[in-house]
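These notes concern the structure reproduced below.
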Amino acid sequence: VQLQASGGGLVQAGDSLTLSCAVSGRTFSTLEVGWFRQAPGKERVFVAAARSRGGIIYADSVNGRFTISRDNAKNTVALHMASLNPEDTAIYYCAVRTNSKFLNNDILRYRTSYNHWGQGTQVTVSS
């Protein structure tokens, strides 16, 4: 499975930005997809995830500001980010999990639940 993230950039506080991740190599509709981010000097943390069968979860820090969406026809997953602030500055990574046989959505909050990762795209929010 290959993932290619894009859409990062430099924006000002309060701006919006949409990231995209193109996925190939597997039937996209069967994959669990997620976004993580890693700020300088910090661990990579969960941002949002969208299940193959529906169901979306967000980190508390972005809930209400970020929206994850998947397009199974285009094999892409997007992350629309609104009301950005400097604390959102990070490298954003998309990831997929090929095993969909689980019941608890919260499994998708953990990095170890994913078995394929994209290269990351930098988002910088200036104050």
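All values below come from the heavy atoms of this structure, side chains included, with hydrogens, waters and symmetry mates left out.
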- When rounded to the nearest 0.5 Å, the distance separating CG of Asn105 from CZ of Arg53 is 11.0 Å
- Message: Check whether Arg109 reaches the backbone of Tyr58 with its side chain - one donor and one acceptor, N or O, closer than 3.5 Å.
- Response: yes
- Rounded to the nearest 0.5 angstrom, the CE-OG1 distance for Met81 and Thr67 is 11.0 Å
- Backbone N/O of Asn99 and side chain of Arg97: donor-acceptor pair under 3.5 Å: yes
- Task: Indicate yes or no: at least one non-hydrogen side-chain atom of Thr98 is less than 4.5 angstrom from one of Leu31.
- Result: yes
- Query: Is the Trp35 to Phe66 ring centre distance short of 6.0 Å?
  - Reply: no
- Would you kindly confirm whether Val123 and Val33 end up in one hydrophobic cluster when ILVMFWY residues are joined by side chain heavy atoms under 4.5 Å apart? yes
- Spell out, yes or no, whether Val62 and Tyr92 are grouped together once hydrophobic residues are joined by side-chain heavy atoms under 4.5 Å, including indirect joins. yes
- Task: Calculate, to the nearest 0.5 Å, the distance between atoms CD1 and NZ belonging to Ile91 and Lys42 respectively.
- Result: 14.0 Å
- Message: I'd like to know whether Ser20 forms a side-chain contact (heavy atoms from CB on, under 4.5 Å) with Lys74, so could you lay out the CA-CA distance, the side-chain angles of the two residues, the decisive distance to 0.1 Å, and finally the verdict.
- Response: CA-CA 11 Å; Ser20 182; Lys74 296 182 178 179; over 6 Å; no
- Query: Do Leu3 and Tyr110 belong together in a cluster built from hydrophobic side chains that touch within less than 4.5 Å?
  - Reply: no
- Arg70 side, atom CZ; Glu32 side, atom CD - distance, nearest 0.5 Å: 7.0 Å
- Query: Within the side chain of Gln119, is there an N or O that forms a donor-acceptor pair under 3.5 Å with the backbone of Ala5?
  - Reply: yes
- Task: Considering non-hydrogen atoms only, spot the tightest contact between Thr27 and Thr30 and give its length.
- Result: O-OG1, 2.7 Å
- Message: Using the rule given for side-chain hydrogen bond (donor to acceptor under 3.5 Å, both in side chains), can you reason through Gln122 versus Thr124, listing the C-alpha separation, both sets of side-chain angles and the distance that settles it, and then say yes or no?
- Response: CA-CA 6 Å; Gln122 176 72 48; Thr124 303; 3.3 Å; yes
- Query: Side chains of His116 and Val23: does their closest heavy-atom pair fall under 4.5 Å?
  - Reply: no
- Consider only side-chain N and O atoms of Ser126 and Gln12, and report whether a donor and an acceptor are under 3.5 Å apart. no
- Item | Whether Thr89 side chain and Val125 backbone form a donor-acceptor pair below 3.5 Å | yes
- Write down the atom of Ala13, the atom of Pro86, and the distance for their closest heavy-atom approach. CB-CD, 4.3 Å
- Query: With hydrophobic residues grouped by side-chain heavy-atom distances under 4.5 Å, do Val11 and Leu79 end up in a single group?
  - Reply: yes
- Message: When you measure from the centre of the six-membered ring of Tyr93, is the NZ or CZ of Arg44 closer than 6.0 Å and no more than 45° off the axis?
- Response: yes
- Message: Rounded at 0.5 Å granularity, tell me how far OG in Ser29 sits from CG in Asp71.
- Response: 11.5 Å
- Task: Group every Ile, Leu, Val, Met, Phe, Trp and Tyr by side-chain heavy-atom contacts under 4.5 Å, then state whether Ile68 and Phe36 land in the same group.
- Result: no
- Note on the structure: One should read off an interatomic distance between Ile56 CD1 and Leu108 CG, to the nearest 0.5 angstrom, of 11.5 Å
- Note on the structure: Which of Asp15, Asp60, Asp88 passes salt bridge (Lys or Arg N to Asp or Glu O under 4.0 Å) with Arg65? It is Asp88
